[in-house]
> 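The structure under discussion is supplied below as structure tokens; questions concerning it will follow.
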Amino acid sequence: MVGDTRFVSLPSADARLYLGAVRAAQIVGGILLPVLRSIATVAVQLLAVSIVAFVVLRLLPADPLAMMLPPNATIEDAERMRHAFGLDRPILEQFWIWLVQAVQGDFGKSIQSSVPVSKLILTALPTTIELAVFGLLLGIAAGFVLGIVTFHYRGTALERVCETAASLSQSIPEFLWGILFILVFGLGLHLLPFIGPIDARVIVPSHTGFLFIDTAWNGQWDAFGNHLLHLVMPAFALAMLKAALIMRLLRSSLIETYREDYVNAARLRGVGERRILFHHALRNAVLPTVTLIGVQAAHTFGGTLLIEAIYSLPGLGNLMIGAIRTQDLPLIQGILLTYCGMVLLLNRSVDLTYRWLNPRLRAA
Amino acid sequence: MERDTASALAQPPLLEAVHLTVESGGTKVLRDLSFALPHGRILGLIGESGAGKSMVGRVIANQLPPGFAVSAGSLFFETDDLLALPPDAHRKLLGRRIAFVPQEPMSALNPALTIGQHFAEHLARLEVPKSDRRGVTLEALADMRLASPERVVDQYPFQLSGGMCQRVLLALAFVSKPDLVIADEPTASLDATTQVHIIGLLRNLQSKYGTGVLFITHQLRLAAHLCDDVAVLYAGEIVEYGAAGTVFRRPRHPYSRALEGANPRFAGPWRQLLSPPGHMPGLNELRDLAGCRFAPRCASSTEACLAETPALRVPAENVAVRCIHDNAMPATEPGVVAPVRAVTDAAAVPLLQVDNVFKSFQGSGLFTRRRKNLAINGVSLSIAAGEFVGIVGETGSGKSTLGRIVMGIEKPTAGRILLDGKPIGDSTADWRRRIQSVQLVFQDPRSALNPRRTVMRLVTQPLQATPQLRPDLENRAAVLLEDTGLPADVASRLPSQISGGQCQRVNIARGLCAMPRLLIADEIASGLDVSVQAQILNLLLRLRRENQIALLMISHDLAVIRYLCSRVIVMCRGEIVESGTTEAIFASPQHPYTRELISAVPPEDLSRRWPLPA
Amino acid sequence: MIRKLPKPLDEPRVLIGASALLAIVVVAILAPVLAPHDPNHQDLLQILVPPFWQEGAEAGFPLGTDGLGRCVLSRLIYGARVAVIVGSVVPIGTVLLGTTIAIVAGYFGGKIDWAVSRTVDVWMSFPPVVLSLVLMVGLSPGLRNVILATVLVDWTRFCRVTRGAILGVMKLDYVASARIAGASHVQVMLRDLLPAVFPIIITLFSVEIGIAVVVESVLSFVGVSVSPAIPTWGSMIADGLVTVFQEPWGLAFPVSMIIVTVLGANMLGDGLRVRLDSHHATRLGADL
């Protein structure tokens, strides 16, 4: 009987333990697993991407050495150079060597400047990330506000005005927006600076390479503001397309969501219109918009390349253009993969956001 | 008059429509609707699609579609005229004193919110203190006999079945103890056995709280069991109104009789279905209808019917009829005949054999777990030439998958299909052999028709693969259209320009084009109105008489199977649980699942209590 | 009942968009007649002449000259030629490549579809601008390679959108119906799938006209497009950016030309989509 009572009292503690284990398993399954899965997916994708990049650059007929050799170089000179860069080995071996080094963060040396590619990229990366994040946030914010406003005022003149503006904004590519802004606000109205990331006279001691962080770190708030002013036009140029796309998609998915039975069912329970919009409809309508940001990830970083060129920002884009003009293959390859890495990371984080926002996936 | 039919009570009715008329572009889509729903009673609004029954709910909700407006009459909720109420005051009633139970439970709950969040929002509006809300929610859910309310509260709608969603919606509707509940086809999208539970719950709640219920449905027999009074709607008018039993036992209006005559019976002697010609007039056809709106389809219509709109008459106690003819007895009582059954030769090789077929679906993905889902679990059956076999079962029983496997659109995981005793393989020659002998008609008539082809090109689609037959296309199309009862002038139309019933006839015509020996019909009448369904069922019977075709009828509707088939196969979760002749199975079902299916059919005899209390 | 033919020209956007594109085509064809100067002729005595409405304008150069003394108007007119060739060949290439792959993948599903989707995913993780630049490095400059590179980058957009639409159609029973009515796989793809996604293809096609022109100008801007001897709007932008402080109009003209082209293409696409969709709009539900 003693054994029996013990046996009876135990299960509750066991059950708690068991529930705790279940809860832990749920956390692992619900949060950790998707993250781990994302990392694995990104790794596989990066491998695929690097294969494509390698094939494109090494199998296509370009000859980077031809440009580097002096005009009077002999065939032996060329061979020596080829050997020095390892270009005379079998293509698979070249790829393997390159891959092993790349995994260790070594993308080789720039043919042009002999500086390690990774160092060049790390110097340029912060500028590009600042620009992309600023532009993206601006586009998302504007797109959401305008999307909700045009939905709310659907059927009015305001909607038509916004709609026309959106289709105009969408029709002009980012780099042309960049040029138009320079012509109007830079040269025409002298409102905003448009050369470089910050006025040339300002000297910012570097800690991270991110000018926003460095100026704040040093307490150089004037320089912080100056940098912000310099980024306003490039960021807006990047945001124009995104804002238009998000506005249109959010509005149309709101319209679609309002056709769903549950919106009407809420109305029939007497729920007010404002609450229907923000509590019921927006939660569902926002999902396709999130997907769009992921789909647009590649485009975002493509846009930064040209914007950097136009606004003379020392980011990856300008580095890439320089590398292309000098056919600096190791550098091109390194930058290409960096771009893809950023695209995939943005894609993944959008994916995780989507998973977090969509109970269907969260609960699955 | 209305007050007389409903039992006369001292207090004013809960809901009363007085000459309510709704117009759209000058057309009266609801004409002169008058009815009264006393407190604590159930009024059924019955009609086929297009009758205007859902429009009544929309008027109460103050949600008429754009372009529609109430042009005359009034609608009283106790003493308030709902049409004259300011929007804010109207909204105050919704969810508190007037609640709605929607048609599609799965889509009527917000997929981004848990069940608990739905209740929290609603209870906050009802000013239930925050600390009490979870308790109230759990209690309300427990009232719906949901197995584990604590779990359901934290679940999302998509994690629940359709029946569970409808229980949640019932709980939401009744949690404020409303005076009036409008239930618009609350069980139309549910399985029959689930429907029984929902109807039972609705009646319990209604009697517990003394709620008045406006029950909108197309099922006359269901309404007869549930409702106190019924109003039969046709083309936006009440054509018959009275006590449910009276109207059901002795329908007086020709349309009510036609509805009853078109509905296959599940008990009593087999009788030929009768159905009025044509279809419910659409919005743009209503304008041209002078006089009685049913007259063009009515067998007993006369000149006088077209002269002016008939008024509601009271031919007997507790019933009102909108017909000038005093034909209390049906003009043509459907003949009671022996069921049309095919004679099959037991010794011959079966036309089709299904030999121990399995089918499993599995999810795939690089990192996701694979989950096996057995849809068909070792099914064997055979069909003789000219035999009509029915497969019954509910959602998820695998009956549709089986049909697709027999047709060859879906590949079995294991097992064989034999045609004339010879197994069908994967070769092109075998595929030809199969589609020459077997054809499938899909459930959704519109989805199965390419919207960019004309009817003529659709019905002759099987011949277009054979170039030498092309010259005969037009002749063949004309014959097929006539065989399936379609007017010749639809040949040049697109599927979007003909009605749903006509679309299904086009599908059948296409199935018959190459003269197959076996037709698989996958729920082909389930999306259609009763009168159109009757036309399709009779068409199949006629085809057997004329063409000696065999039929594999897949349906959830036992009465339809009983009407058509000589043999029944009952499927449940991918397995055959029972099979035998129709008469034997329905008279003495052996398997508990078959018994449950049969008990879910509302009985003919109104004195039998249905649904039985749980 | 009479079947109404779609009347795309009723839609003002179609009319405006098509006229703009047509005008550019005409200008490109008639370039030798219209251009007042040889687009590459350098008049080093007349550099950075402003357009005609400004002070210091020269009668011979209505839109002024660039930093090398070349006639801006003539270069704009000749620049239309590359734009027209790229804007007409690239969309055809992307439609053929992208749509074919999408229909095959969507129809057969399974492993083929998996492989195509993964390929598209990998392809789309390259920023399109960056990928086309790198492809041009590999392929070496020239008009043919510009077209090739753009098609190789842009087919994925067609593929992804069309495949999505095909999967939507595959959910309908009429594809299976066509199969059991005896149609072959090719017949189903051509008669049932292709017509269903045709409105989408037309829309994407017109939008791609603009995209192709933009991509070419980007490549020219970076200097990896056609040979420097051929004037393009992109190279004019690159040149104009250098002298933007002295003469901003040299930048404004080529930018406007690209905007007009893209806007025209997008309006055409939008208008056609509206037209083609409404043509197949299902009739109003008869249920009251």
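For clarity, every value in this text was computed on a predicted model and none was experimentally measured.
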> Tell me, out of A/P173, A/S167, A/G188, A/A298, who's got the most heavy-atom pairs with chain C below 4.5 Å.
A/A298
> If you count heavy-atom pairs under 4.5 Å with chain A, which of C/V222, C/V244, C/V262 comes out on top?
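Between C/V222, C/V244, C/V262, the count favours C/V222.
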> Can you confirm whether more than 12 heavy atoms, excluding those of A/F236, are under 6.0 Å from its CZ atom?
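Atom CZ in A/F236 is not crowded, with 12 or fewer foreign heavy atoms closer than 6.0 Å.
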> Going from OG on C/S256 to CG on A/L180, what distance comes out if it is rounded to the nearest 0.5 angstrom?
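Going from OG on C/S256 over to CG on A/L180, the span is 7.5 Å.
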> Which one, C/W123, C/F245, C/F126, leads in non-hydrogen pairs under 4.5 Å with chain A?
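With the most close heavy-atom pairs to chain A, the winner is C/F126.
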> On the 0 to 90° scale, with breaks at 30° and 60°, tag the A/F175-C/F221 ring pair as parallel, tilted or perpendicular.
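Aromatic pair A/F175/C/F221 classed tilted.
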> Check whether A/Q170 gets within reach of chain C through its side chain, its backbone, both or neither, counting any heavy atom under 4.5 Å.
backbone
> Search all heavy atoms of A/R248 against all heavy atoms of C/D270 and return the closest pair with its distance.
NH2-OD2, 3.7 Å
> Under a 4.5 Å heavy-atom cut-off, does chain C meet the side chain of A/I195, its backbone, both or neither?
side chain
> Can you tell me how far the CD1 atom of C/I237 sits from the CD1 atom of A/I179, to the nearest 0.5 Å?
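Going from CD1 on C/I237 over to CD1 on A/I179, the span is 4.5 Å.
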> So for atom CH2, which belongs to A/W98, do other residues, nucleotides or ligands contribute more than 12 heavy atoms lying within a distance under 6.0 Å?
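Buried by this count: over 12 neighbours within 6.0 Å.
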> For chain A, which of C/N266, C/L241, C/I211, C/D121 has the most heavy-atom pairs under 4.5 Å?
C/N266
> Between C/S125 and A/L344, which heavy-atom pair has the shortest distance, and what is it?
CB-CD2, 3.5 Å
> Tell me which one of C/L133, C/V130, C/V137 satisfies side-chain contact (heavy atoms from CB on, under 4.5 Å) with A/I332.
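Between A/I332 and the candidates, side-chain contact (heavy atoms from CB on, under 4.5 Å) is satisfied uniquely by C/V137.
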> Which answer fits A/L168, side chain, backbone, both or neither, if we ask what part of it has an atom under 4.5 Å from a heavy atom of chain C?
both
> If you count heavy-atom pairs within less than 4.5 Å of chain A, which of C/L152, C/V224, C/V218, C/V207 leads?
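Among the listed options, the one with the most contacts to chain A is C/V218.
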> Locate the shortest heavy-atom distance separating C/V122 from A/A48; write the atom from each residue and the value.
CG2-CB, 3.6 Å
> Any residues in residues 304-314 of chain A near chain C, with a heavy-atom distance under 4.5 Å, and which are they?
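Contacts with chain C: A/L305, A/L306, A/A309, A/I310.
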> Compare all side-chain heavy atoms of A/I324 with those of C/M136 and state whether any distance is below 4.5 angstrom.
no
> Is C/R118 atom CZ crowded by more than 12 heavy atoms from other residues, nucleotides or ligands, each under 6.0 Å away?
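More than 12 heavy atoms, drawn from other residues, nucleotides or ligands, come within 6.0 Å of this atom.
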> Mind checking the CG-CG spacing from C/L131 to A/L336? Nearest 0.5 Å is all I need.
7.0 Å
